[in-house]
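The block underneath contains the structure these notes are about, expressed in structure tokens.
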Protein chains: 2
Amino acid sequence: MPAAIEEATRVLKSNNFKITKQRTAMLEFLVNTATKRFVEVTSIDNFMRQTFPKMSHNTIYRNISEFANLGIVERQVQGDRASVKFQCDFQHEHHHHFICSNCGKVIELKDCPLSEEITSQLDGCKVTGHLFQIYGLCPQCASLTNN
Amino acid sequence: MPAAIEEATRVLKSNNFKITKQRTAMLEFLVNTATKRFVEVTSIDNFMRQTFPKMSHNTIYRNISEFANLGIVERQVQGDRASVKFQCDFQHEHHHHFICSNCGKVIELKDCPLSEEITSQLDGCKVTGHLFQIYGLCPQCASLTNN
DNA sequence: ATTTATAGAGTAATCATTACTATTAGAGTT
DNA sequence: AACTCTAATAGTAATGATTACTCTATAAAT
């Protein structure tokens, strides 16, 4: 079993979630397709239900949501669809992403642009979060488009 | 007629869009409720159809979409709903926003955090856009929550 | 092996958004 | 002011992602 799945399994267990066939199958799919890459939840739904025709939407969406709460996957909204990517390194430090708008591939950025200079413009506000993302084409997709 | 609506009307006309009662009514609603503030498209839909019971979803969503293409409104996804705000100053320079997650109020930020230091990490990528937003509570909503 | 609560299956509902078609009405022209 | 032509709208229904609900199955603790 890949280390990433073992680690996710540990997280589930230590939070009193049961290790079911369905959850393991979803983790396997996520490790294979959504590592360093955002994948639409609908395509997870489609794949899982093709592979396991008895699986219900409910199970898939609920598990994705639980995985997200536990930090096993990271969620985002791409266009008007929800996407997730597998969070390989749990508890890694705060960072932001370049996201390929063609294939969903993610590149981690080193710096967080939130500065004192910026927050000082928000007197009286209670800042709770921020979002910084760069969009474009990854090297592979960029070279495909050039031809 | 407020100047903002006159300006939006000019933009529509110069792009060969017709000035209809429905569009004018929508612009009025947007100026009143969505100036410096993001408002959910569903609430625009609800309001317009209450005020003008013969208006169809189609008309509302299509016009919102056209307004967005013309730069009359700015779109964003808040949670899983689409929101828009009226773009008071057309063709104003590139900037980012603080957005109140309670009331949708917007505060414009002075600086764009996209730096050479950051883009140099994306060798081979074709950067097409970026998103930077700060979330939190505006002064009014923050003081309400404190009590 | 027994027990108990969580997870899943199956089915249907919900809700935002879009499609389609016949009709209406801007706005330019005579 | 009437005429024309095309874009815009109304009305209706479809679509598609997500969620709700109830009954059953199963993980895992004892």
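Computed from a predicted model, the values in this text were never measured in an experiment. Sequence lines set the chain letters: A, B, ... in the order given, protein chains first and strands last, and positions in each chain run from 1.
A close approach under 4.0 Å does occur between a side-chain nitrogen or oxygen of Tyr61(A) and OP1 or OP2 of dT18(D). Contact check, Gln22(B) against dT24(C): no side-chain N or O comes under 4.0 Å of OP1 or OP2. Residue Asn63(A) places at least one side-chain N or O closer than 4.0 Å to OP1 or OP2 of dG8(C). The side chain of Lys13(A) contributes no N or O atom lying less than 4.0 Å from OP1 or OP2 of dA28(D). For dA9(C), the OP1/OP2 oxygens have a side-chain nitrogen or oxygen of Thr59(A) closer than 4.0 Å.
A heavy atom closer than 4.0 Å to some atom of DNA chain C occurs in Lys54(A), these being the qualifying members of residues 43-54 of chain A.
Exactly one residue among Lys85(B), Gln133(B), Arg81(B) makes a side chain to side chain donor-acceptor pair (under 3.5 Å) with Gln76(B). That residue is Gln133(B).
Taking atom CZ on Arg23(A) and atom C1' on dA28(D), their separation rounds to 13 Å, with Å as the unit. Ile19(B) places its CD1 atom 15 Å from the P atom of dA7(D), with the value rounded to the nearest Å. Atom NE2 of His57(B) is separated from atom P of dA14(D) by 14 Å (rounded to the nearest Å). Distance Phe17(B) CZ to dT9(D) C1': 15 Å, rounded to the nearest Å.
Across all strands, Asn16(A) comes closer than 4.0 Å to no nucleic acid atom at all (heavy-atom distances). Counting non-hydrogen atoms under 4.0 angstrom, Ser56(B) reaches a base of the nucleic acid.
Side-chain atoms of Lys18(B) come within donor-acceptor range of the base of dT6(D), with a qualifying N/O pair under 3.5 Å.
Ile44(A) is listed as a side-chain neighbour of Leu30(A), based on a closest heavy-atom distance under 4.5 Å. Within the 4.5 Å cutoff, no side-chain heavy atoms of Glu108(A) are placed close to those of Gln121(B). Within the 4.5 Å cutoff, side-chain heavy atoms of Tyr61(B) are placed close to those of Asp45(B).
The neighbour count for Asp123(A) CG, taken as heavy atoms of other residues, nucleotides or ligands under 6.0 Å away, does not exceed 12.
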| request: Test ring pair (Phe, Tyr, Trp, His ring centres under 6.0 Å) on His96(A) and His130(B) and set out the steps. | output: CA-CA 11 Å; His96(A) 299 281; His130(B) 63 284; over 10 Å; no
